[in-house]
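Worth saying up front: this structure is predicted, and the values here are computed from it rather than measured.
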Amino acid sequence: MEIPRQAHGAMSMVFAMLVATAAVDAQMDACGADLRAFLPSPFSSSRLHCAPVWNNFILRHWQNQDNIISIILSATYTSGWVGIGFSNDGKMVASSAMIGWIDNHGRAYIKQYYLGGQTSSGVKVDQGNLLTTDTPPAVVLYGDNIYLAFQVNFSVQLAQPNIILASSAITPNTFHLAEHDDKTTLSFDFSSGDPVSTYYPYQLKRNHGALAMFGWGILLPLGAIVARYLRHKDPLWYYLHVLLQFLGYIIGLAGVVAGTALYNRIHSNFTMHRGLGISVLALGSLQDSGDCIFPSS
């Protein structure tokens, strides 16, 4: 029996979709992936614990009785570098990290870095507090994912250390790292293989933006508009003006406090943003001081 052309077309489309789906699945990493096809022993052991930890980052690990832990970090990769760091307090400064990348010629690199400061001069290659073993580390680009595999010998059984995950789209030049495009800090339970808690203060960041926007960007301008266009409603305009200015200043000040706490947590390098915030706070303070000293004006 002859199969109609429409059926041929539908079957071809279904077959193409199945092939495409299989190809996509082959390119994506998952905890069930077989590492033996591209990673050497002991990094392809079936005893590895595995957990998705952040974005497209997957962390595999195994810790033996000698406190030697095998770590495999994988992430979607197109260019730049990918890294994992270990920190005593959850901050990037004074932490030690393993960074891996593929250069423009297809050569794989993995290096230990000591993050001694927030500038490039404070990032030292081939330095750090991580005691690696004689097992050579490995970096493999397989499909759309990069795999960093290495062993670290800790003095005690590793329980819930603070780990830092970061990446950049810029490939290192002569081992100098470009600033990360994205990062997070979390406490990871190496006994169970689960992320315990994230240290990045996302809620604090949202509060900082919302308070500053509402206080400086809405209430204070409303107070100025009332003083400009409602003077014929005397003395109502004055009380509304003072109330809006006072509330705007207090809420904006709360945003500054949240921003200061946020800076102390993540040590960001947004100097222009900080400078603008300090300037707005100073001008707002002068304006409210003037309203208190010269209320009739």
Side-chain angles (χ1 to χ4, degrees), residues 53-55 57 59 61 67-69 71-73 75 77 79-103 107-139 146 148-156 158-188 190 195-201 204-205 259-275:
V53 285
W54 173 66
N55 289 349
F57 281 61
L59 184 61
H61 63 92
N67 302 330
I68 296 176
I69 182 168
I71 295 176
I72 301 95
L73 177 69
Y77 183 83
S79 63
W81 58 263
V82 172
I84 176 173
F86 293 83
S87 171
N88 291 327
D89 55 6
K91 298 178 181 179
M92 182 170 287
V93 176
S95 64
S96 300
M98 297 296 292
I99 310 292
W101 68 92
I102 309 294
D103 71 6
R107 293 172 297 197
Y109 293 91
I110 182 168
K111 291 282 187 178
Q112 182 175 177
Y113 285 83
Y114 178 71
L115 310 179
Q118 299 183 38
T119 61
S120 58
S121 61
V123 180
K124 306 296 185 181
V125 64
D126 292 327
Q127 297 185 30
N129 300 321
L130 299 178
L131 182 61
T132 56
T133 67
D134 294 333
T135 301
V139 177
I146 189 172
L148 280 61
F150 59 95
Q151 282 190 336
V152 181
N153 191 351
F154 290 94
S155 58
V156 295
L158 201 61
Q160 295 182 7
N162 302 318
I163 64 173
I164 302 171
L165 303 173
S167 64
S168 171
I170 302 177
T171 303
N173 182 18
T174 61
F175 304 117
H176 292 291
L177 298 181
E179 185 177 0
H180 59 267
D181 297 324
D182 201 2
K183 78 174 182 73
T184 190
T185 305
L186 54 87
S187 178
F188 189 83
F190 278 89
V196 179
S197 60
T198 178
Y199 277 79
Y200 191 84
L204 184 60
K205 182 179 180 180
T260 303
L262 181 65
Y263 174 78
N264 292 333
R265 291 281 297 275
I266 66 176
H267 294 279
S268 61
N269 292 321
F270 302 127
T271 53
M272 184 177 295
H273 182 87
R274 291 182 63 209

Can you tell me how far the [atom1] atom of [X] sits from the [atom2] atom of [Y], to the nearest 0.5 Å?
{"X": "His61", "Y": "Ile71", "atom1": "NE2", "atom2": "CD1", "value": "8.5 Å"}
{"X": "Ile163", "Y": "Ser95", "atom1": "CD1", "atom2": "OG", "value": "12.0 Å"}
{"X": "Ile146", "Y": "Ile110", "atom1": "CD1", "atom2": "CD1", "value": "8.5 Å"}
{"X": "Leu165", "Y": "Thr184", "atom1": "CG", "atom2": "OG1", "value": "7.0 Å"}
{"X": "Lys111", "Y": "Asp126", "atom1": "NZ", "atom2": "CG", "value": "4.0 Å"}
{"X": "His180", "Y": "Leu115", "atom1": "NE2", "atom2": "CG", "value": "10.5 Å"}

Considering non-hydrogen atoms only, spot the tightest contact between [X] and [Y] and give its length.
{"X": "Ile99", "Y": "Leu148", "answer": "C-CD2, 4.0 Å"}
{"X": "Phe57", "Y": "Gly83", "answer": "CE2-O, 4.4 Å"}
{"X": "Thr171", "Y": "Ile102", "answer": "CG2-O, 3.9 Å"}
{"X": "Pro137", "Y": "Phe150", "answer": "CB-CB, 3.9 Å"}
{"X": "Trp101", "Y": "Asp103", "answer": "CD1-N, 3.9 Å"}
{"X": "Val139", "Y": "Tyr109", "answer": "CG2-O, 3.2 Å"}

Check whether NZ of the Lys or CZ of the Arg Lys124 lies under 6.0 Å from the centre of the six-membered ring of Tyr113 and within 45 degrees of that ring's axis.
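Verdict for Tyr113: no cation-pi partner in Lys124.
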
Strictly distance-based, threshold 3.5 Å: is any side-chain N or O of Asn162 a donor or acceptor partner for the main-chain N or O of Asn88?
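Checked: pair present.
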
Could you tell me whether a side-chain N or O of Ser96 sits under 3.5 Å from a main-chain N or O of Asn129, the two making a donor and an acceptor?
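Yes; at least one donor-acceptor contact below 3.5 Å.
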
Non-neighbouring partners of Gln112 that pass side chain to side chain donor-acceptor pair (under 3.5 Å), sequence neighbours left out
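Partners of Gln112 under the side chain to side chain donor-acceptor pair (under 3.5 Å) test: none.
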
Residues in salt bridge (charged side-chain N to carboxylate O under 4.0 Å, His left out) contact with Asp181, at least two apart in sequence or another chain:
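In terms of salt bridge (charged side-chain N to carboxylate O under 4.0 Å, His left out), with neighbours along the sequence ignored, Asp181 is linked to no residue.
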
If we only count heavy atoms from C-beta on, is the Leu59 to Trp54 side-chain gap below 4.5 Å?
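Heavy-atom side-chain distance check fails, nothing below 4.5 Å.
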
Could you walk me through whether Asn153 and Thr132 satisfy the side chain to side chain contact (heavy atoms under 4.5 Å, CB included) test, starting with their C-alpha distance in whole Å, then the side-chain angles of each, then the deciding distance to 0.1 Å, before giving a yes or no?
CA-CA 6 Å; Asn153 191 351; Thr132 56; over 6 Å; no

Please determine whether ring pair (Phe, Tyr, Trp, His ring centres under 6.0 Å) holds for the pair Phe86 and Phe188, giving the CA-CA distance in whole Å, both sets of side-chain angles, and the decisive distance to 0.1 Å.
CA-CA 10 Å; Phe86 293 83; Phe188 189 83; 9.8 Å; no

